[in-house]
Amino acid sequence: MSELLLQVRNLHVHYPVDGGVSRAVDGVSLDVRRGETLAVVGESGSGKSQTMYGVLGLVPRPPGRVFGDGAYFEGEDLLRASERRLRGIRGNRIAMIFQDPMTALNPFLTVERQLTEVLEVHKGLRRKEARNLAIEMLAKVGIPDPERRIDQYPHQFSGGMRQRVMIAMALLCRPSLLVADEPTTALDVTIQAQILELLRATRREMDGSIILITHDLGVVAGNADRIAVMYAGRVVEKGPSREIFESPLHPYTRGLLASVPRLDAEQKAPLVPIPGQPPDPSRLPSGCPFRPRCPAATARCAQEYPPTRSAGPEREVACWVA
Amino acid sequence: MTSTVPVAAPELEEIEGTSLWRDAWRRLKKNRMAVAAAAVLGGIVLFCVAGPLFVPYSFDEQNLEYGARGPSAEHWFGTDLHGRDLLVRTMYGGRISLAVGLAATLVSLTIGVAYGAIAGYFGGRVDAIMMRVVDVLYTLPFMFVVILFLVLFGRSIVLLFVALGAVSWLTMARIVRGQVLSLKQSEFVDAARAAGVRDLAIVFRHLVPNALGPIVVYATLTVPRVMLEEAFLSYLGLGVQPPMASWGLLVSDGANNMMLHPHLLIFPGLLLTLTLFSLNFLGDGLRDALDPRMRT
Amino acid sequence: MLGRVMEEASTARPLVEVEDLRVHFPVYRGTVLKRKAAVVRAVDGVSFAIARGETLGLVGESGCGKSTTGRALMRLVPVTSGNIRFDGEDLLSLRGEVLRRKRRHFQMIFQDPYGSLDPRMTVFDIVAEPLLAHGMGGPDLRDRVQSMLERCGMNPRYIRRYPHEFSGGQRQRVAIARALILEPSFVVCDEPVSALDVSIRAQVLNLLVELQRDLGLTYLFIAHDLAAVRHVSDRIAVMYLGRIVELSPAAEIYRRPAHPYTQALISAVPIPDPRAEADRQRIVLEGDVPSPLAPPRGCRFHPRCPRFASLGAVQKARCREEEPLLRVLGDGRQVACHHVD
């Protein structure tokens, strides 16, 4: 199989809370291959964003604590890299786009200033060259009239256009890994479709990998090669996208798929909800954290966390029962 | 929905929630400066209210021959130029100063909060008219108003309360109005309106309680400000008149005789400063405790 | 005998009738001398009716006016013009105390269950408040609050707790209990599950469906999530820039969307199934939704319409000039497009 671009091994991100530790990420291992899109799926608080924050050194320390067996990106362990080194990688070799582009863009600077800054810092380009490259990139992500719009401020762009600016900014240095954290959650469906289309086109062209972090199974279905499902700070199931949707193994994955209304489903077919609530990461239940909500739980589930085991080629699951 | 489902009795054991107030209280108790300030303040109030019971002098008992002397076993704080016991005068002065501060704060709490909340909630023309009134009152020079009052109605302690109260609620009204303007966009206000809750009930049940944080903080800061204003008025001879005393008056007397009899300035000045410091620390502590952004 | 006839007549009549509803918000400029600079046409000529016991879904993208429509029905925003009849009664003519008393028959569930619950009140106070506001307290107040909370899936032992002590799903259950405690006949659900976690949404959707069945409620279900709307609705109205462009039975809208905008919207909704996704035809719309400050002349959708490009010059001119009205197709679907047969 193709070479691994990012290899995360047993990553933990912990935060101290009143009288305990919040285990936002609790032993996550992930592989990203060159040229693929890996979707990390989970609900709020599942640790899907925190995992990438941990890898990229974006967890505020203190109070946060990040440790693990390693996060190798192109052979280099990011967990042990200096802050200076990480700054050189972020925005350059690994770029991020966020849910709300308004908070990620500086409202007081023109789009030009923000785009050229990236190039000046990472590539040492001169302002003029950087500007031309930036205009080219804006055109590529589908912003009409880029020569004029580059001199505008973020608030003069609509939500969808702002997300395009973010994507242009992310792609400027030709990163080999693009981390998209809920890139379409704040957008309307027709705009979401535009952005997803753009991300697909981007991946084809940039010859790199994408990590798509999302809670929306629909977004995953059409856009990911492989999926990692997270729950309570751990990866509970991993595998090729089609297989996960067609034969989910973990009860949580199954529950999620059964509980989401589908546009193409039989109408008013009752949804089967997952009972209860996701656990508080500072007060995880003993054993498997999904146990209190799990229809298939046994006595063993309460005692020990189920180890991740192989379940066929390219598939892994962390469950005693599945 | 019409018939009530009887609920089994043992299930009825209710679980007590923690209100945001209790949370704030818990945080306040953790703030050492605020707790210390509250303790000091309590001590000062006790000192002024109950103190005179234990001192064998009255505040206006003169002994001109004795005159001003420094602290001694009979007179712990010494005596003033008229031979009056400074300890008991400081206690009485404290009563007046604290009462003035408290009264003005009460006025600002009742008038200011209601006025600001109503203007903010109803908005539009009501708001425009109500707030222009506040603006006009603001522009009147405070001293001018007080002097006008004193000339019109003669000098009295009641008037002092009225004059200080009349200006103290203006800022409160503005603060509350600002809070209410942003709070009334909340969905819980829409929900209450949709449920058919009356406007005034929305103002006083939903908006004011949610604005109480800034209100309480501003109120604690009003007390020291008003006490200073009273001191200023007394210094100008427009406030409390001898033989009555207030801390402001005592300090101003003391300042006039600072070179010969420093104790006349030191004791009342120390108490006034201590009170102001404590109130400010308590106000800061309350602000930190009530600030929802501090919630964990 | 006569009473029975009357009763039948009243059940045949829709519970909610909306006619040419317009809600325009003035935009002011200037700090000292305010003057009206422009008008946001949030809702601009919307008509529909909701039968008793029916759920009408209202979908559209942000800024299309769906929430404002719901708020106008609740009399929470000033209505510019049009008619709203509730149970045959002219709702817009009601004022002051009469309106306040009428409010107990129509209630609303809001999107954000954190913002819609007063953080300083206990669950009991929140749910009891509507009853008290209508003088319906009585000695059994406590029992009624508890049984309503139980009915909404909340443990009644928690009534002394505060909203911040609950998760989003539980808070939304409290908000539902508050909306239903007055026994309303009509409930506007404004994005009731959008703010909730994925695994919790189905719980709340199921609860809403169950309560409707048990209590005979009529819903206006507003959401941007077409899949969720289709799941609960009998009919669906699709809004674009302040207007309804299509109103069809829920089953039809996915199978045979008539309006080009509906078609684009449906093709844009991702389906959680890679095989289904791979087989779908995607219509990706160009550009953004225009500003409701200055909606395009003629058909509001024509600048983005995928069908527009393939039309002849005469037809194009019609789209540019003439605003299409909602008209009934043979099979019960209503659509506002000049070029659908």
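In this text, all values refer to a predicted model and were calculated from it rather than measured experimentally.
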Exercise for the section: Without swapping roles, check the side chain of B/R177 against the backbone of B/A119 for a donor-acceptor pair under 3.5 Å. Expected result: no
Problem - Pairing of C/R100 and C/E97 as salt bridge, 4.0 angstrom limit - result: yes
Exercise for the section: May I ask you to name which of C/M121, C/R120, C/R103, C/R75 has the most heavy-atom pairs under 4.5 Å with chain B? Expected result: C/R120
Exercise for the section: May I ask you to decide whether C/R85 forms a salt bridge with C/E89, counting only side-chain N to carboxylate O separations under 4.0 Å? Expected result: no
Exercise for the section: Heavy-atom pairs under 4.5 Å with chain C are the metric here; pick the option from B/A201, B/S186, B/A192, B/A195 that has the most. Expected result: B/A195
Practice task
Examine whether an atom of C/L76 lies under 4.5 Å from a heavy atom of chain B, and if so say whether it belongs to the side chain, the backbone or both; otherwise answer neither.
Solution key: both
Fill in the blank from the handout: Of the listed C/M74, C/H134, C/R104, the one with the largest count of heavy-atom pairs under 4.5 Å with chain B is C/H134
Exercise for the section: Using distance alone, with no hydrogens and no angle criterion, decide if B/Y218 and B/R225 have a side-chain donor and acceptor under 3.5 Å apart. Expected result: yes
Exercise for the section: Pick one of side chain, backbone, both or neither for C/R101, based on which atoms fall under 4.5 Å of a heavy atom in chain B. Expected result: side chain
Handout entry: C/H24 backbone acceptor or donor facing C/T80 side chain under 3.5 Å
Key = yes
Problem - Most contacts with chain B, counted as non-hydrogen pairs under 4.5 angstrom, among C/Q111, C/K102, C/R71 - result: C/R71
